[in-house]
Amino acid sequence: MTPDDLIQLTVRSAATALRQRQLSAVELEQAFRERLHQTEPSLHAYLRETPEASVARSVDDQLAADAASLPILAGLPVALKDNLAVAGAETTAGSKILTGYRPARDATVVAKLRAAQATILGKTNLDEFGMGASTENSAFGPTKNPRRLDRVPGGSSGGSAAAVAAGSALYALGTDTGGSVRQPAAFCGVVGLKPSYGRLSRSGLIALTSSTDVVGILAKTVEDAAIVLQSLAAHDADDATSRREPVDDYQASLSRPLAGLRIGLPSEYFGAGIDPAVAREVNKAAKIFATLGATVEGCSLPSTPLAIWVYYIVTPAEASTNLSRYDGIRFGPTGAVPAEAAFSQRLAATRGQGFGPEPKRRILLGTFALSAGYYDAYYDKAQRVRTLISREFATAFERFDLLLTPTAPTVAFPFGSNPDPLSMYLQDVCLVGASLAGLPAISVPAGVIDGLPVGLQLIGPALGEGAVLRAAHQFEQARGPLPLPLAV
Amino acid sequence: MAVSRDTLQTVARLARLSLTNEELDVYERQLSAVLDAMEQLNAVPTAQVPAADLAAVSASGVRDDRPQPRSEADAILQNAPERSGRYLKLSGGMFNRDT
């Protein structure tokens, strides 16, 4: 196989090729690292590499001795968003305030990848602490979209999505708090899976919004996302919100026909604020679902336009609490102050100099929304409307198995085109509902407008990953593949 | 609602965040705009609706309170900007009065 063939492999085809001895794990890692070195100067998808040559060599030894006992992810090169802890390796969450921070332990999902003998290529770029939809908020500079370098890759998991699209990672882990896996997947033309809240462990994920944060998967195909989810999903005693329900066999059900599947098209996701060309592509996709045997009907989720404001109260409130731990005492750089400064001044300077503009904005907004006198009007109000949003989804899932929507209101936008925070927040309009309600959702490439991919989103009921993956897989088979942007 | 300069400065002090005057100008404007947009929520009647508690819905309970063997203290201490042996160190100022 040529290097171009190798970087176009999927998780499934690479695992098969390794077992058939058509290539070695060392060759596979080398091909992805070469592609990474070739594309990084133009993309900046990675913040740093994590070289560990011994893993691939050990996998090759085991392939020769006893291939049957190897986990499916063994020897497959993965990229990790830099808000997932890797023991001993710098982990910054895209923030200067964590410069030099080396976690003492692996995140649970990282430990599972290591146990599966995955080859960890490196840590990918993100909006600072996951706060953004473009990677423009990274303290270390933005990532570019491999499909068009003047466009953002989406965010916050923009580095992970760009790496998968460019072929500089076979698959990647991201995190999704209000769309941060699904939206960059849509912008870069790859698959992005946000599992149900609690399905994958959050232990070792640097917290943004504890009530919506999930680890997510970016991959070339839906089948790959199913394989990775299957390998990582399990109850984790280190995460008190980890779910104990048994993990379904996602791969087994992928090909089950869609006949009888009921799909709802919520009108609020196709109206004001959504680019009509995007809505058209998703409506075309709805027709494909119908030809696959699903029944597709319109429906209404009237609280949808409110979800964005609920989200932008809840997320700053929880973020301001989570970010209060950054004090420059236990880790990270200390702010520059005169020697005689009081401790409180030192602390405020550390935080004032360490956090970028978006974390500061959210700390202020969240502290305000939680402060005495404003708590009832903002935070409590938002949590009540959040209950209404969850109830609307629950009612919709009495009638439908899945909901079909656009992932993002537009295709990937040019750098600098959302300079004010309000317009950037509105990017998340189709995404935050599933996050607030803790539901599984996936973004799959639906079509292309002027060379830029459009993503469709399928949302399922809690722990309904099986149906979400199955419908997405069969749509992907019917639509055909979106070629990788290998010209980068 | 518009956020006054005083309120913003109080919030920044509560959040232990030092901000320049330029930053205060920007955030005063931006936070007021965001809070204005959020007033849409006031039109929703919620007196009879409980506040969401997703963590409680999916919580799997806490683990038994038993010591776990961990040997990470050294790795954790390696991250400290200043330390003295196995202690974190704060150079001066902890008990200085705010000026």
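Each chain gets a letter, A, B and so on, in the order its sequence line appears, and its residues count up from 1.
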Max heavy-atom pair count under 4.5 Å with chain B, selected residue of [options]:
| options | answer |
| --- | --- |
| A:Asp420, A:Val310, A:Thr350, A:Ile313 | A:Ile313 |
| A:Arg384, A:Lys381, A:Arg351 | A:Arg384 |
| A:Ala462, A:Gly335, A:Ser371, A:Ala348 | A:Ala348 |
| A:Leu306, A:Leu347, A:Leu364 | A:Leu364 |
| A:Val314, A:Thr367, A:Asp380 | A:Thr367 |

Are there residues of residues 13-21 of chain B whose heavy atoms fall under 4.5 Å of chain A's heavy atoms? If so, which?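 Within residues 13-21 of chain B, the residues that come under 4.5 Å of chain A (heavy atoms only) are B:Leu14, B:Ala15, B:Arg16, B:Leu17, B:Ser18, B:Leu19.
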Are the side chains of [Y] and [X] in contact, using a 4.5 Å heavy-atom criterion?
| X | Y | value |
| --- | --- | --- |
| A:Arg330 | B:Asn79 | no |
| B:Val34 | A:Arg361 | no |
| A:Leu365 | B:Leu35 | yes |

Residue part contacting chain A, namely of [X], when any heavy atom lies under 4.5 Å:
| X | answer |
| --- | --- |
| B:Leu88 | side chain |
| B:Glu23 | side chain |
| B:Gln30 | side chain |
| B:Thr7 | side chain |

Under 4.5 Å from a heavy atom of chain B, the part of [X] involved:
| X | result |
| --- | --- |
| A:Tyr311 | neither |
| A:Phe355 | side chain |
| A:Asp238 | both |
| A:Val337 | neither |

Inter-residue atom distance A:Thr334.OG1 - B:Leu90.CG, 0.5 Å rounding: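 So the gap between those two atoms works out to 9.0 Å.
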Calculate, to the nearest 0.5 Å, the distance between atoms CD1 and NZ belonging to A:Ile329 and B:Lys89 respectively.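 The distance works out to 14.0 Å.
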Please name the pair of heavy atoms, one in A:Gly328 and one in B:Pro81, separated by the smallest distance, quoted to 0.1 Å.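 Taking every non-hydrogen atom into account, O-CG, 3.2 Å.
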Under a 3.5 Å distance rule, please check whether B:Tyr27 uses its side chain to pair with a backbone N or O of A:Pro357 as donor and acceptor.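 The answer is yes, because a donor-acceptor pair under 3.5 Å joins these two groups.
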Do side-chain atoms of A:Thr387 reach the backbone of B:Pro50 as a donor and acceptor pair under 3.5 angstrom?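 Yes: the side chain of A:Thr387 pairs with the backbone of B:Pro50.
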Go through B:Pro45, B:Ala75, B:Ala51 and name the one with the most non-hydrogen pairs under 4.5 angstrom from chain A.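 Sorted descending by pairs with chain A, the first entry is B:Ala51.
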Top of B:Met38, B:Gln68, B:Arg83 for chain A proximity - count of heavy-atom pairs under 4.5 angstrom: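 Heavy-atom pairs under 4.5 Å are most numerous for B:Met38.
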How would you list, in number order, the residues of residues 99-108 of chain A that have a heavy atom less than 4.5 Å from chain B?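 Residues of residues 99-108 of chain A touching chain B at under 4.5 Å: A:Gly100, A:Tyr101, A:Arg102, A:Ala104, A:Arg105.
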